[in-house]
Engineer: 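The structure follows.
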Amino acid sequence: MSEKILVIGANGQIGTELVAILRGIHGADAVIASDLKSPIYNLRKNSGPYEIVNVLDKDNLHHIFEKHRPTQVYHLAAILSAVGEQKPKLAWDLNMTGLLHVLDFSVEFNVKKVFWPSSIAVFGPHSPQWDTPQYCVMDPNTVYGFSKLAGERWCEYYFNRYNLDVRSLRYPGLIGWRANPGGGTTDYAVHIFHQALKTGTYESFLSANTALPMMYMEDAIRATIMLMDAPADKVQIRSSYNLAGISFTPTQLAEEIKKHIPGFEISYSDNDPRQQIADSWPKSIDDSYAQNEWGWQLEYDLPKIVADMLQNLKEIV
């Protein structure tokens with residue numbers, strides 16, 4: 001049976017790249033991109049089916065499921081950490097109610113596999129900060145974080161109660177050049193490259209020594225597809241898998257950029273609200289369960305990320 005894959009939230013940082021890769025694997029017509037707004041340039045360029053979808057509109061979303069009868073669903077629509085603190089009730093509603101709508105319709109229409117992204121934001125100030133394990137204290141203090149933690153519980157619940165094959169990754173901060181980030185606490189690690197090429201300077205909203213787990217988008221997309229392609233009996237965790245990436249500070253990132261742009265200078269702003277969010281998150285992650293259960297291995301280290309980002313952005317910025 002051929003796949004019919006619905007990607008919800010296709011205009012976002014992950015969705016734009018994921019849709020292109022999935023269409024390369026399965027064919028353009030097999031992947032239905034969807035979002036709340038019209039397709040962005042990258043999705044128009046990589047032409048294929050596109051739908052306007054509001055995950056909070058049950059009738060609209062039900063119609064899309066009924067029309068396309070997807071075999072797989074990637075539900076990426078969410079309000080991220082920094083924006084979520086500005087609009088907390090909207091963030092909870094979109095992140096939670098939207099997920100429940102997708103899970104309910106996936107059960108109704110016998111979807112074979114569902115992917116939903118979680119985040120390192122599920123951890124909190126009392127979680128171990130270094131090599132944060134898969135199982136530990138989780139006390140997130142942002143709306144984004146506790147909506148993701150609640151979402152993990154719902155995903156596992158639907159697997160156990162309805163036998164819905166839901167799979168999930170706790171993404172670290174993501175770095176990519178093809179699409180803009182969506183308002184998260186780790187967005188500095190994308191903005192810095194654009195400003196380095198445009199002006200040769202950057203003011204970081206996170207402090208010099210704030211270490212956070214980060215991952216290059218190529219690795220994140222590869223991990224996502226690896227997890228979805230893994231045999232069901234290899235996927236032992238039905239809440240969400242830790243995904244580590246690499247950990248670095250704004251200063252370490254700036255020093256690596258200076259190897260390519262010697263005159264680059266970084267400064268640091270004071271009292272940005274995103275700093276408090278970052279301080280509550282892990283500094284590094286243990287993803288040994290992903291490695292052992294379905295063979296995950298990282299490919300991009302910091303020098304490789306920086307070189308590839310600058311090379312590709314030179315043609316855009």
Side-chain angles (χ1 to χ4, degrees), residues 5-24 31-46 48-57 60-61 64 70 72-87 90-99 101-102 114-121 142-145 147-148 151 167-191 193-194 214-225 227-228 240 243 245 309 312 316:
I5 301 171
L6 174 64
V7 180
I8 302 169
N11 281 345
Q13 186 186 18
I14 299 170
T16 51
E17 302 205 26
L18 180 64
V19 167
I21 296 297
L22 289 173
R23 284 178 173 168
V31 181
I32 304 98
S34 67
D35 208 297
L36 190 60
K37 298 179 181 178
S38 298
I40 61 172
Y41 171 74
N42 283 351
L43 292 180
R44 288 197 295 268
K45 183 179 178 183
N46 300 298
Y50 190 92
E51 297 278 4
I52 301 295
V53 169
N54 179 356
V55 293
L56 296 180
D57 183 339
N60 167 235
L61 188 61
I64 298 302
Q72 296 185 32
V73 174
Y74 290 77
H75 175 44
L76 309 176
I79 291 179
L80 303 185
S81 57
V83 177
E85 292 308 289
Q86 299 166 19
K87 304 174 181 178
L90 177 61
W92 173 262
D93 196 25
L94 177 64
N95 295 357
M96 199 85 291
T97 307
L99 170 61
H101 288 168
V102 170
V114 176
F115 177 81
W116 173 79
S118 188
S119 165
I120 60 169
T142 64
V143 177
Y144 179 65
S147 71
K148 286 297 185 183
R167 306 177 182 203
S168 178
L169 295 170
R170 291 172 182 156
Y171 286 126
L174 298 179
I175 303 172
W177 57 270
R178 292 181 179 88
N180 292 323
T185 302
T186 57
D187 287 2
Y188 89 89
V190 176
H191 296 158
F193 289 100
H194 289 262
M214 307 291 294
M215 179 173 282
Y216 202 40
M217 189 62 73
E218 271 76 356
D219 273 332
I221 299 298
R222 187 168 54 85
T224 304
I225 293 173
L227 175 62
M228 287 294 275
S240 192
L243 198 64
M309 281 290 288
N312 284 292
I316 300 172

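Any value given below was found using the heavy atoms of this structure, including those in side chains, with hydrogens, waters and symmetry copies removed. Throughout, numbering of the chain's residues begins at 1 and tracks the sequence.
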Engineer: Without swapping roles, check the side chain of Asn11 against the backbone of Leu36 for a donor-acceptor pair under 3.5 Å.
Structural biologist: no
Engineer: State, yes or no, whether a side-chain contact exists between Val83 and Tyr144 at a heavy-atom distance under 4.5 Å.
Structural biologist: no
Engineer: Between Ser81 and Thr185, do the side chains contain an N or O donor and an N or O acceptor separated by less than 3.5 Å?
Structural biologist: yes
Engineer: Could you check whether any side-chain N or O of Ser34 sits under 3.5 Å from a backbone N or O of Ile52, counting only pairs where one atom can act as donor and the other as acceptor?
Structural biologist: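 Flag not set: sc Ser34 to bb Ile52 has no pair under 3.5 Å.
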Engineer: Got a second to check how far His191's NE2 is from Thr186's OG1, nearest 0.5 Å?
Structural biologist: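 Reported to 0.5 Å precision, the distance equals 9.5 Å.
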Engineer: Which heavy atom of Met217 sits nearest to which heavy atom of Leu174, and what is that distance?
Structural biologist: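 Smallest interatomic distance, heavy atoms only, reads CE-CB, 4.0 Å.
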Engineer: Ignoring hydrogens, what is the shortest heavy-atom contact between Ser147 and Asn95? Give both atom names and the distance.
Structural biologist: OG-ND2, 3.1 Å
Engineer: Measure the CD1-CG distance between Ile64 and Leu6 for me, rounded to the nearest 0.5 Å.
Structural biologist: 7.5 Å
Engineer: Can you list every pair that meets side-chain hydrogen bond (donor to acceptor under 3.5 Å, both in side chains) and has a residue in residues 214-225, with sequence neighbours left out?
Structural biologist: Tyr171-Thr224, Arg178-Glu218, Tyr216-Asp308, Asp219-Arg222
Engineer: Taking it one step at a time, do Gln13 and Val190 satisfy side chain to side chain contact (heavy atoms under 4.5 Å, CB included)?
Structural biologist: CA-CA 11 Å; Gln13 186 186 18; Val190 176; 4.0 Å; yes
Engineer: Do Tyr74 and Leu22 have side-chain heavy atoms sitting under 4.5 Å apart?
Structural biologist: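 Heavy-atom side-chain distance check passes, below 4.5 Å.
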Engineer: Quick check for you: to the nearest 0.5 Å, what is the distance between Met309 atom CE and Phe193 atom CZ?
Structural biologist: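 Reported to 0.5 Å precision, the distance equals 5.0 Å.
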Engineer: Hey, is the main chain of Pro117 close enough, under 3.5 Å, to the side chain of Lys148 for a donor-acceptor pair?
Structural biologist: yes
Engineer: Looking at every heavy atom in both Ala33 and Val19, which two are closest together, and how far apart are they?
Structural biologist: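 Shortest heavy-atom contact: CB-CG2, 4.1 Å.
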Engineer: Please lay out, stage by stage, how Ile225 and Leu18 fare under the test side chain to side chain contact (heavy atoms under 4.5 Å, CB included).
Structural biologist: CA-CA 9 Å; Ile225 293 173; Leu18 180 64; 4.2 Å; yes
Engineer: How long is the gap from CD1 on Ile175 to CG on Asp187, to the nearest 0.5 Å?
Structural biologist: 10.5 Å
Engineer: Just jot down the side-chain contact (heavy atoms from CB on, under 4.5 Å) partners of Ser168, sequence neighbours excluded, or say none.
Structural biologist: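 side-chain contact (heavy atoms from CB on, under 4.5 Å) check on Ser168 returns Trp116, Ser118, Ser240.
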Engineer: Minimum heavy-atom separation for Leu243 and Ala223, please, with both atom names.
Structural biologist: CD2-CB, 3.9 Å
Engineer: How far apart are the closest heavy atoms of Arg167 and Leu227, and which atoms are they?
Structural biologist: NH1-O, 2.7 Å
Engineer: Does the pair Leu99 and Met96 meet the rule for a side chain to side chain contact (heavy atoms under 4.5 Å, CB included), with working shown?
Structural biologist: CA-CA 5 Å; Leu99 170 61; Met96 199 85 291; 4.1 Å; yes
Engineer: With rounding to the nearest 0.5 angstrom, report the CD1 to CD1 distance, Ile32 to Ile8.
Structural biologist: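 Going from CD1 on Ile32 over to CD1 on Ile8, the span is 10.5 Å.
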Engineer: If you take all heavy atoms of Gly176 and Glu17, which pair is closest and at what distance?
Structural biologist: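 In terms of heavy atoms, the two residues are closest at CA-OE2, 4.3 Å.
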Engineer: Go through the steps to decide whether Asp35 and Tyr50 satisfy the test side chain to side chain contact (heavy atoms under 4.5 Å, CB included), and finish with yes or no.
Structural biologist: CA-CA 8 Å; Asp35 208 297; Tyr50 190 92; 3.1 Å; yes
Engineer: What's the separation between atom CG in Asn60 and atom NE2 in His101, rounded to the nearest 0.5 Å?
Structural biologist: 11.0 Å
Engineer: Can you list everything that forms a side-chain contact (heavy atoms from CB on, under 4.5 Å) with Leu56? Sequence neighbours excluded, please.
Structural biologist: Asn54, Asp93, Leu94, Thr97
